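Here it is, the structure, as structure tokens.
Owing to the predicted nature of the structure, the values given are computational and were not obtained by experimental measurement. Atom set for the values below is all heavy atoms of this structure, side chains included, hydrogens, waters and symmetry mates excluded.
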Amino acid sequence: MLGQIPTYQFQTLSGVNPTAHPYIQKHLFGHQIAADFNLQVQLKTFDFPSKDSFKFQAEIYVDRDSILGPQLLYTYKSHFKTQGFKTKSGHWEEMAKLSSQSLKSQFAIWWKNNWDKDPKLIQEVRVEFLPDYAPKSVDEDTVFFGQKKLDWTDFKAKPYPGSRFAAQIFSNFEYHAIPRIERGILYLPIQVKVYMLRSFSWKKENLPDRALDHESTHFKITQQAANQFKDQIKQQKLRPLWYESELQWWFLDAYRWMNSTQKNYDEATQHGINLMEQEQWNGKFK
């Protein structure tokens with residue numbers, strides 16, 4: 001169950017000294033039952049460097065995704081005194097039993113302390129959308145959507161020399177997410193920021209209000225793109241190992257929609273000259 005310590009089982013074994021694998025398998029792998037996580041063990045060292053010592057090293061991996069492949073969780077090392085074994089092979093099972101027991105007990109402690117913190121073991125992603133960022137005070141350069149109604153004083157940049165357009169707004173959107181992991185669940189509060197930059201937005205002199213309507217609708221299209229991003233995420237169940245990539249995918253999808261819609265809007269309205277089309281677009285994005 002979510003929020004409770006999950007179960008695991010050792011499923012596969014690989015690595016050095018294949019001759020020793022049956023002994024490790026016997027003592028490390030118990031009865032195979034359904035578990036929340038299937039783990040892989042890879043032997044890195046299983047050897048007698050001298051007649052008086054034995055070295056053992058193993059890595060434990062979790063495999064949850066066919067594309068990412070096994071992800072390293074835990075590394076264990078041990079060094080045992082052997083008291084002068086006459087032959088190495090005659091004591092493989094004894095050392096396998098001792099190493100396996102030590103590995104299992106130490107990993108059980110690690111699991112108890114880390115199952116709810118390690119990103120590779122996240123069981124679920126829970127998204128929460130915070131209200132769009134719109135502080136009460138207006139920044140000198142940035143106007144966030146919903147703060148105020150746009151007016152021509154918000155267009156502070158110098159007009160582009162030789163431009164045939166009357167005005168241009170620079171609007172954009174972004175999102176911020178600071179994840180936290182609690183008891184194996186990743187909580188993801190997301191806040192969207194939709195804004196225009198005064199220092200990149202410009203106008204020519206003596207423009208009518210309808211020209212401002214055109215630029216305001218550009219801003220509203222940006223807001224709609226941000227809403228589409230949020231709507232897409234609300235419809236998805238983000239995967240624990242892929243949530244960052246999935247967020248970026250839906251963000252870029254909304255961004256592409258915004259750019260194509262802004263272009264279509266300018267073409268349809270002839271940058272605000274076609275008043276009938278302008279009224280229709282204003283109605284679409286009230």
- Sequence neighbours left out, what passes ring pair (Phe, Tyr, Trp, His ring centres under 6.0 Å) with Y187? Give chain and number order. none
- Item | Within 6.0 Å of NZ in K120, more than 12 heavy atoms from elsewhere | yes
- Q25 and Y23 side chains, donor-acceptor separation under 3.5 Å: no
- Report the residues that fulfil side-chain contact (heavy atoms from CB on, under 4.5 Å) with D151, sequence neighbours left out, ordered by chain and then residue number.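 D151 satisfies side-chain contact (heavy atoms from CB on, under 4.5 Å) with K148, T153, D154 once adjacent residues are dropped.
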- Pairing residues for I178 by the side-chain contact (heavy atoms from CB on, under 4.5 Å) criterion, not counting sequence neighbours: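 Result, side-chain contact (heavy atoms from CB on, under 4.5 Å) vs I178: none returned.
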- Quick one: which residue pairs count as a side chain to side chain donor-acceptor pair (under 3.5 Å) with a foot in residues 100-115, not counting sequence neighbours? Y76-S102
- Task: Mind checking side-chain contact (heavy atoms from CB on, under 4.5 Å) for K26 and listing every partner two or more places apart, or none if nothing turns up?
- Result: E93
- Query: When you check the side-chain N and O atoms of E140 and S199, is any donor under 3.5 Å from an acceptor?
  - Reply: no
Which pairs of donor and acceptor atoms, one on a side chain in residues 276-286, lie under 3.5 Å apart (sequence neighbours left out)?
{"from": "E277", "atom 1": "OE1", "to": "W281", "atom 2": "NE1", "distance (Å)": "3.4"}
{"from": "Q278", "atom 1": "OE1", "to": "H214", "atom 2": "ND1", "distance (Å)": "2.7"}
{"from": "Q278", "atom 1": "OE1", "to": "Y265", "atom 2": "OH", "distance (Å)": "3.4"}
{"from": "Q278", "atom 1": "NE2", "to": "Y265", "atom 2": "OH", "distance (Å)": "2.7"}
{"from": "Q278", "atom 1": "NE2", "to": "N282", "atom 2": "OD1", "distance (Å)": "2.8"}
{"from": "N282", "atom 1": "OD1", "to": "T217", "atom 2": "OG1", "distance (Å)": "2.7"}
{"from": "N282", "atom 1": "ND2", "to": "Q278", "atom 2": "O", "distance (Å)": "3.4"}

- How about F170 and F200: are their ring centroids closer than 6.0 Å?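 Distance test on ring centres: under 6.0 Å, yes.
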- Message: Classify the ring geometry of F219 against F145: parallel below 30°, tilted from 30° to 60°, perpendicular beyond 60°.
- Response: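 Plane angle over 60°, so perpendicular.
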- Message: If we check ring-ring contact (aromatic ring centres under 6.0 Å, His included) with W202, which of these qualifies: W152, F155, Y160?
- Response: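 Going through the options one by one, the only one that passes is Y160.
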- Task: Quick one: list whatever passes ring pair (Phe, Tyr, Trp, His ring centres under 6.0 Å) with H271, sequence neighbours left out.
- Result: F165
Donor-acceptor contacts, no H, no angles, side chain residues 14-21, under 3.5 Å, sequence neighbours left out:
{"from": "N17", "atom 1": "ND2", "to": "F46", "atom 2": "O", "distance (Å)": "3.1"}
{"from": "H21", "atom 1": "NE2", "to": "G15", "atom 2": "O", "distance (Å)": "3.4"}
{"from": "H21", "atom 1": "NE2", "to": "V16", "atom 2": "O", "distance (Å)": "3.1"}

- Does F80 have any ring pair (Phe, Tyr, Trp, His ring centres under 6.0 Å) partners at least two apart in sequence or in another chain, and if so, which? none
- Could you check K230, K193, Q191 and say which one makes a side chain to side chain donor-acceptor pair (under 3.5 Å) with D132?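 Exactly one pass, corresponding to K230.
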- In this structure, are over 12 heavy atoms from other groups packed under 6.0 Å from F129 atom CZ? yes
- Is the closest side-chain donor-acceptor distance between K234 and Q236 under 3.5 Å?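 Looking only at side-chain atoms, Q236 and K234 do not form any donor-acceptor pair under 3.5 Å.
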- Message: According to side chain to side chain donor-acceptor pair (under 3.5 Å), does anything in residues 243-254 pair up with another residue at least two apart or in another chain? List the pairs.
- Response: Y175-Q248, R239-E246
- Angle class for the F229/F251 ring planes (parallel below 30°, perpendicular above 60°, tilted otherwise)?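 Plane angle over 60°, so perpendicular.
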- Query: Which residues pass the ring pair (Phe, Tyr, Trp, His ring centres under 6.0 Å) test with Y133, sequence neighbours left out?
  - Reply: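 Y133 satisfies ring pair (Phe, Tyr, Trp, His ring centres under 6.0 Å) with F144 only.
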- List for me each residue that meets side-chain contact (heavy atoms from CB on, under 4.5 Å) alongside K55, sequence neighbours excluded, and say none if there are none.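 T45, P49, H79.
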- Message: Could you tell me if D63 and Q71 have a donor-acceptor pair between their side chains, going purely by distance under 3.5 Å?
- Response: no
